[in-house]
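The sequence lines fix the lettering, A, B, ..., with proteins before strands; numbering per chain opens at 1.
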Amino acid sequence: MRSRIDALVVVRHGGDDLAKTIESLRAQTLPPARVLAIDASGSGRFGDQLDALFSDGFEPSTVLSLPQKASFPAAINAALAMLFPEGTPAGDDQWLWLLREGIVCEADALKRLASSVEGAPLIKIAGPKQVMTQRPGYLRELGESMTPWGRRVPLAERELDQGQYDRLSDVLAVGEAGMLVHAESLRGVGGFDEALAALDSGLDLSVRIRLQGHRIVVVPRAVISVPSSSADAHADKKLSGFRHEYLAAQSWLYRRLVYAPAWALLPVALTLVPWALVRALGHLVVKRPDRMVLEPLAAVGTLGRLRAVFSARIKLRETRTTGWDAIDALRIDSRDVIRKRAIAREESLARREEKAVMSPAPRALPQLAWLSLALTAVTAGVFGAWWGATALIGGGALPLAASFRTLWAGAFTVIPTQWGFDIPPLPADPASFVLALVGSLTWWAPTSALVWMVVAAVPVAGAIAWWGFSHIFRQPWTVTVVSFVWAVSPAFLFAVVEGRMGAVLAHLALPWLLGALLTAHQSWQRVGAASLAAIVVTAGAPVLFPAVVIAVIALVVVRGWGSPLQMLGGVLPFVIVPSLLLAIPRFLGWWQSAEGRWWQSGGVLFADPGVSVPYGPAPWWSLILGIPSTVPVGVSEVVPQGVTSLLVLVAMAAMALGVVTAIVSLGFGRNTTSLSFAGLFALGLITATAAPSLFSGFSGGEATAVWPGSGVSLIVLGVLVGAGSLLDRVWFSDALGNPRNAFPQWWARLTAGVLVGASLTIPALVGIQVWSGNGIVQPASAARTLPAFVSAEAAAMPHVGTLVISPTNSGYAATLERGAGETLATSSTLVRGRSLELTAFDEDLARLAAMLVRPSSADPLPLLEEYGIRFVLIEDDRGSEASLALSRQPGFVSASSVEAGQLWQVPEVSLPQEPEVTVPLNLWNQLFLVSLAMVAVLAVPTERRVKAAGAGRDDTIAPLGEETADND
Amino acid sequence: MTDHTPRHGTAQLAARTLGAVGSTLTIALAGLVTALGLPSGVVAALQGPVPELPVIEVLPAEPDRMLVCMGPALSFGSEGARVMAYGAPSETLAGSTITTTVITDTTVTDGFALEATLTENPPVVVSQPVEAGVLAATSAQLVSNLNVAGFAVSECQIPERELWLVGGDTSTGRQTAISLVNPSDVQALVDLDVWGAQGPILAPLGQGILLPPQSQRVLSLSGLAPGETSPVVRVSSDSVGVVASMHSTIVRGLEADGLSVNGSQPVPSTLRVVTGAYTPPEEVIGPIKGKDGYRDVGAVLRLLAPESDADVRITVKAPGADDSVIEATLVAGETTDLLLDEFNTGDIAVIAESDHPIVAALRSSVGTDARTDTDWVGSAHSLVGETAFAVPSSGEARVSFVNRGEEAIMVTLDNREVVVPARGLVTRPVAAGAHTVRSAQPVFAAVSVRGETVMDSFLVLPSSQPQSSVLVSVR
């Protein structure tokens with residue numbers, strides 16, 4: 001019995017694609033008995049085109065115009081209802097060939113499909129081999145299956161068709177495109193499930209047919225070429241990978257609900273969203289944060305379609321005649337699923353390796369080891385005197401915290417107990433959190449971590465810079481030279497020697513941020529790394545915040561042309577948001593304290609964290625040449641002024657050479673380096689020149705400004721990127737390994753030599769200062785800023801107050817300190833830069849100081865009691881007026897008397913028994929921690945590092961250029 | 001420059017050109033903007049001028065004015081270990097709302113008691129709030145018993161951290177007791193340094209004397225400098241101000257004959273003015289001087305340049321006589337006693353001008369064959385503004401004013417005006433009771449109180465100036 005085959009063509013956008021499909025139908029060696037064109041556009045506008053196409057002798061043909069826009073399954077169902085109305089049985093030999101416009105069938109496609117079903121009454125569906133229209137010879141689909149969990153798995157990947165699947169026959173399912181289906185069976189199972197409009201309608205139909213005990217085959221020799229996936233066809237456009245993933249997840253979840261046994265339905269439905277969240281975390285762990293939102297979205301979307309689920313379940317229950325064993329046998333088992341994923345990973349790695357050949361990462365060994373060794377020698381020569389100190393005190397250097405607990409107590413909030421005991425907490429500086437992380441490295445004595453960080457700053461900066469620059473340059477020697485110059489740059493050494501912890505952190509993290517940002521488009525791991533680096537940079541030097549935000553946005557705009565979704569939706573928020581979340585509480589605190597006059601206290605917003613150290617400002621051209629300020633005090637006492645100036649001039653000259661080289665590189669360089677140089681230079685210059693004008697509070701009675709050194713670090717980074725890019729173009733051997741010794745090679749040797757040699761002048765200068773003991777920062781054997789007596793008592797009474805009175809030009813300065821003195825964990829820029837309006841606290845303290853430094857009949861005890869002050873430290877000599885006045889105070893016991901200060905104890909004062917105040921994390925802190933956890937997971941270096949085969953050249957292998965996601 | 005060719009193609013080239021031009025423009029723009037000073041200018045314009053750290057001006061609450069009086073006349077008993085007080089002094093006060101308290105913590109025993117009981121008349125502390133105006137007090141005591149005989153007057157003193165006591169004698173028959181009083185609520189550690197005619201005297205016993213709050217301690221100077229005819233003592237306290245006075249007694253043969261209590265004088269300076277001293281005419285005192293055991297009856301000026309050698313020019317003034325001038329050279333650390341016998345007599349003043357800081361005091365005596373009395377008077381304070389003094393009711397009192405200026409000055413003494421000529425000395429008798437002195441220019445003043453065989457003198461002390469306000473900045 002010969003089958004009667006009707007071809008159904010679903011038309012949704014018409015045009016040339018439709019004509020091609022009709023053309024290929026007409027060319028079939030076994031023509032369909034009838035062609036039914038279904039105009040599913042909803043407007044009937046293709047009626048004329050179809051009539052024209054069918055007019056030249058395609059008989060018989062029918063055009064069915066649907067009243068509204070319909071999906072492929074709906075259109076087929078409508079056609080089915082028209083062809084075989086209720087009650088009229090479709091003949092047992094009646095088959096339907098389901099096509100949509102754009103599909104071009106090889107001439108014998110129908111014939112081979114038909115012959116496969118003939119004489120095999122159990123076979124109710126036959127599917128063709130789908131190949132890609134755009135890439136001839138590549139498979140699109142050849143049969144489908146499911147995982148044990150019900151997810152659709154194509155049996156054939158998107159791969160070159162070499163006949164490797166041509167032996168396939170019985171399959172679990174075939175796609176709906178080009179499917180030859182038995183009409184009565186189709187009707188018997190209730191047609192397509194219209195809820196699966198975009199994806200998986202063929203799979204679902206196949207499952208239901210199979211559950212009636214029928215068979216489904218794929219016919220590899222019947223070939224049709226399909227231009228787009230069913231989802232793309234449904235949407236009438238090329239959908240993004242994200243949309244595809246979403247649709248696949250949604251139809252999968254939908255089918256799970258439909259196929260689940262009745263008893264399992266409720267548990268499955270209830271766990272849908274939690275399970276999706278777990279899977280989202282899984283996506284994060286495997287570095288696909290872009291897929292994170294999609295699973296929960298799909299779960300929620302599926303829950304919104306419960307009506308469709310129930311009607312589908314009813315339909316399935318009514319039509320099912322056999323058990324699920326029939327399906328299970330044909331599922332792909334888990335091991336195969338894992339194998340398939342592994343293959344996909346290998347493929348993507350291979351693709352990246354192909355790309356990597358164009359810009360190979362320089363080999364780390366042995367250059368990195370030599371660099372570290374050289375920089376360790378430099379740091380030993382410069383900062384060796386600080387080796388083994390318990391703490392560094394002076395300038396910006398303070399003890400970090402007394403204990404691990406106090407370290408973290410100050411990570412997010414600071415309670416300025418020096419203003420009294422009932423003071424509300426203030427948000428801490430972002431740097432407090434970063435420093436808390438640093439301090440946790442030596443949790444038993446947090447301050448030691450800080451000392452180690454400072455002592456090892458130079459080699460650490462070199463190593464981090466090596467990592468960063470290795471993503472920009474191709475030759476190890478360039479990376480090494482540039483990293484060396486970076487690690488001993490004057491701005492960095494000045495920051496270290498003046499104890500500017502924030503600036504040191506920022507300088508350490510800047511190349512990390514740059515390297516990660518410039519390669520962020522390649523991997524999510526780099527996005528995570530960039531985000532962490534951005535947190536460190538913006539926390540360490542808030543003045544760099546505008547520059548970082550502008551740079552990231554500029555990068556996203558420039559790079560966004562290539563991969564807009566990842567850049568705009570991924571890089572931008574992932575890089576900036578954690579830093580912003582960390583900074584927002586302080587911003588709000590600042591905004592509140594600014595009381596609407598934000599423009600006047602902008603400097604406080606950008607204030608360097610910790611202690612602000614006064615500096616001598618330098619002219620703008622000196623900033624360009626890498627010198628951020630006048631030489632730190634203490635140098636002049638050891639080195640003659642002339643020698644100092646000469647050394648600084650040499651350093652400036654080297655930097656000038658770097659700037660010139662960088663500018664020349666604009667004529668040769670890649671856009672990445674040119675734009676990086678220009679951007680960093682411009683942002684750095686503006687930051688550095690604006691910084692000295694930003695008033696950021698008082699340090700001892702002196703108004704201080706934001707340090708320009710962080711901006712100078714940006715300039716230096718830019719110049720090194722530019723200069724390095726030119727050096728990086730010089731190869732010392734040709735492709736065959738023969739040495740080259742022409743002008744470029746000699747020029748490169750000379751330039752690199754001058755840069756490295758001259759960069760050692762500032763370390764020499766700083767080293768003399770450190771070793772002579774004249775520096776601002778001094779190594780100390782105890783982590784305290786107050787006398788030992790106070791520190792000992794602070795061990796028992798952490799909130800014991802010490803009134804520190806020091807003479808100034810016009811009178812006295814009074815500050816109240818708690819415990820063993822100020823620590824970095826308790827310092828706050830909001831406290832330092834607080835409003836200049838006098839508070840009750842100011843007046844109380846001034847009154848108290850006045851009655852102590854002068855003979856007075858007033859009784860200081862009530863005020864001492866109120867503020868919990870048990871110690872008074874006069875920073876003046878023993879015979880000074882203030883010390884003498886204090887010695888007349890009854891109840892004051894002289895506790896220690898050294899040249900630097902006279903300490904008096906007031907044993908009568910009792911401290912209020914203070915309940916342990918723990919400030920809960922606010923919403924912003926929690927959000928920050930969540931975002932930090934996310935980017936930290938992303939940044940975990942689990943990705944296999946792409947190894948370049950060898951020294952590559954620009955013009956080696958062209959990229960494949962096509963993303964081949966799984967589901968399109 | 002390089003051996004490898006960039007990727008070619010129009011799109012590549014265009015992108016690279018665009019990039020290079022864009023980069024150059026960015027750098028040039030940034031440089032231009034910076035050279036024009038725009039970033040700092042904009043920030044500075046928005047921010048306004050850099051603020052000054054607010055400074056709070058606090059006017060300290062003035063402590064009460066406080067004076068410590070000398071207490072009863074002191075002498076060491078025959079066994080030399082126990083210090084005895086004889087009788088009670090009487091205080092004359094000049095002030096409006098005066099509070100008097102007593103230093104009860106003392107080691108002085110009652111010289112008239114048979115048992116070693118503590119004296120019932122320890123030194124008193126006189127205090128008055130600053131608002132109540134000037135304050136002065138004077139103690140006076142006339143003693144005549146086997147151990148001590150003579151007349152003692154001393155101003156009640158302001159506590160200080162460094163005090164100089166010039167006077168006394170520890171040779172045979174002479175006793176000098178040093179009374180130290182700590183009137184404050186805080187203990188003091190006091191060091192006593194002693195100089196003598198042979199230079200500084202090493203006196204470890206005088207170091208680190210603990211004066212508990214509100215206490216009096218008495219030392220015998222002979223314990224520190226035995227057999228010293230011309231001692232000078234510096235009392236220095238480590239913390240609070242203390243008061244020290246020197247009680248000098250003389251025993252000739254077996255008879256007590258002479259008493260003087262002198263307070264401290266200002267820290268060494270290059271100008272010393274000693275006034276308020278009376279030297280009797282030679283015809284009265286001359287015969288006594290010649291007697292055996294009366295070698296310390298003449299007028300003597302004791303000088304010390306503690307730190308460095310000094311050339312001193314000494315002018316002796318007496319009313320109605322020309323100034324006499326002596327030049328002397330002092331060896332650092334060695335006390336010098338200059339006899340002033342051949343100079344004028346009466347209410348004299350001695351002005352010592354030196355090229356290095358010195359201290360100076362004058363001893364003089366009055367008396368008859370039967371009985372004499374000695375007076376030590378220290379260098380006077382320079383007085384400016386208003387102050388007061390109190391004159392005891394015994395004896396004849398005369399106040400002397402010395403003007404060191406080149407112009408005559410007007411001193412208001414109890415609303416009467418006294419003109420003190422340039423570089424001159426004026427003496428006025430004063431009645432017992434409170435007196436005020438006001439002067440716009442520096443003037444030196446001291447009061448001598450005397451009878452036929454009794455004499456002592458006291459200094460007019462300046463009243464402390466109110467403190468200026470303190471500027472405190474709080475951060």
Side-chain angles (χ1 to χ4, degrees), chain A residues 599-600 602-603 620 663 666-668 670-671 674-675 677-679 681-682 685-686 689-690 692-695 698 700-701 703 726 729-731 734 740 744 808 810-815 836 838 841-843 845-847 849-851 853-858 884 887-890 892 953-955, chain B residues 1-8 15-16 18-20 22-27 29-31 33-35 37-44 46-48 50-64 129-130 161 184-186 213 238-241 467 469-475:
Chain A
W599 58 90
Q600 287 187 344
W620 63 271
I663 289 173
L666 293 179
F668 297 88
R670 289 172 290 154
N671 265 350
S674 300
L675 291 173
F677 162 48
F681 184 87
L685 188 55
I686 288 169
T689 48
S693 306
L694 287 164
F695 162 74
F698 291 95
L726 198 59
R729 298 177 74 86
V730 180
W731 295 87
D734 62 18
R740 313 174 126 250
T808 61
S810 58
Y812 294 91
T815 47
L836 297 176
L838 296 178
F841 161 75
D842 292 330
E843 284 165 11
L845 215 60
R847 222 166 42 208
M851 67 178 79
V853 300
R854 290 285 181 86
S856 166
S857 60
L884 292 176
S887 68
R888 293 187 189 118
Q889 289 287 351
F892 279 50
R953 298 292 198 268
D954 269 355
D955 44 359
Chain B
M1 192 84 346
T2 172
D3 62 334
H4 78 85
T5 43
R7 263 184 287 167
H8 285 298
R16 289 169 75 113
L18 202 65
S23 303
T24 314
L25 283 180
T26 310
I27 292 169
L29 192 66
V33 162
T34 306
L38 278 183
S40 50
V42 168
V43 168
L46 274 176
Q47 194 172 261
V50 172
E52 293 271 319
L53 185 62
V55 171
I56 305 171
E57 186 174 355
V58 189
L59 197 62
E62 288 283 344
D64 290 355
V130 171
R161 287 186 61 246
S184 73
D185 297 327
V186 179
D238 69 327
S239 52
V240 285
Q467 302 179 57
S469 56
V470 192
L471 299 177
V472 182
S473 55
V474 177
R475 272 290 112 168

Find the distance between CZ (Arg888(A)) and CG (Asp185(B)) and round it off to the nearest 0.5 Å.
13.0 Å

Tightest non-hydrogen contact, residues Ala703(A) and Val50(B), listed as CB-CG1, 3.7 Å

Okay, Asn671(A) and chain B: the region with an atom under 4.5 Å from a heavy atom over there is side chain

Could you walk me through whether Gln889(A) and Val186(B) pass side chain to side chain contact (heavy atoms under 4.5 Å, CB included), step by step?
CA-CA 7 Å; Gln889(A) 289 287 351; Val186(B) 179; 5.7 Å; no

Non-hydrogen atoms of Ala682(A) and Thr26(B) that approach each other most closely
CB-CG2, 3.7 Å

For Leu666(A) and Ser23(B), the nearest pair of non-hydrogen atoms, with its separation, is CD2-CB, 3.6 Å

Determine the minimum heavy-atom distance between Ala44(B) and Ser693(A), stating which atoms define it.
N-CB, 4.4 Å

Which of Ser674(A), Gly667(A), Ala849(A) touches chain B most, by non-hydrogen pairs under 4.5 Å:
Ser674(A)

Met851(A) and Pro60(B), any side-chain heavy atoms less than 4.5 Å apart
no

Quick check on the interface: out of Ser239(B), Ala61(B), Ala30(B), who has the most heavy-atom pairs with chain A under 4.5 Å?
Ala61(B)

Under 4.5 Å from any heavy atom of chain B - which part of Phe681(A):
side chain

When you compare the side chain of Tyr812(A) with that of Leu471(B), does any pair of heavy atoms fall below 4.5 Å?
no

Among the options Pro39(B), Gly19(B), Ala35(B), pick out the one with the most heavy-atom pairs lying under 4.5 Å from chain A.
Pro39(B)

For chain A, which candidate among Leu25(B), Val58(B), Leu38(B) shows the most heavy-atom pairs at distances under 4.5 Å?
Val58(B)

If only atom types and distance count, is the side chain of Arg16(B) paired as donor or acceptor with the main-chain N or O of Phe668(A) below 3.5 Å?
yes

Looking only at heavy atoms and a cut-off of under 4.5 Å, which of Ser856(A), Gly811(A), Gly602(A), Pro692(A) has the most pairs with chain B?
Ser856(A)

Region of Thr24(B) in contact with chain A, defined by heavy-atom distances below 4.5 Å
both

Step by step, work out the side chain to side chain contact (heavy atoms under 4.5 Å, CB included) result for Gln47(B) and Leu694(A).
CA-CA 8 Å; Gln47(B) 194 172 261; Leu694(A) 287 164; 4.0 Å; yes

Identify the heavy atoms of Glu52(B) and Phe698(A) that sit nearest to each other, and give their distance.
C-CZ, 3.6 Å

Between Ala15(B), Gly31(B), Ser184(B), who has the most heavy-atom pairs with chain A when the cutoff is under 4.5 Å?
Ala15(B)

Can you check side chain to side chain contact (heavy atoms under 4.5 Å, CB included) on Glu62(B) and Arg854(A), steps first, answer last?
CA-CA 9 Å; Glu62(B) 288 283 344; Arg854(A) 290 285 181 86; over 6 Å; no

So, the part of Ala813(A) with a heavy atom under 4.5 Å from chain B: the answer is both

Any chance you could lay out the side chain to side chain contact (heavy atoms under 4.5 Å, CB included) test for Asp842(A) and Ile56(B), step after step, and finish with the verdict?
CA-CA 8 Å; Asp842(A) 292 330; Ile56(B) 305 171; 3.9 Å; yes

With chain B, which of Thr689(A), Ile663(A), Leu845(A) has the greatest number of heavy-atom pairs at distances under 4.5 Å?
Thr689(A)

What is the minimum heavy-atom distance between Ser887(A) and Val240(B), and which atoms define it?
O-CG1, 3.6 Å

Taking atom OG of Ser473(B) and atom CG of Leu838(A), what is their separation to the nearest 0.5 Å?
10.5 Å

Most contacts with chain B, counted as non-hydrogen pairs under 4.5 angstrom, among Val853(A), Leu836(A), Ile686(A), Thr808(A)
Leu836(A)

Contacting moiety of Glu57(B), where chain A heavy atoms sit under 4.5 Å:
neither

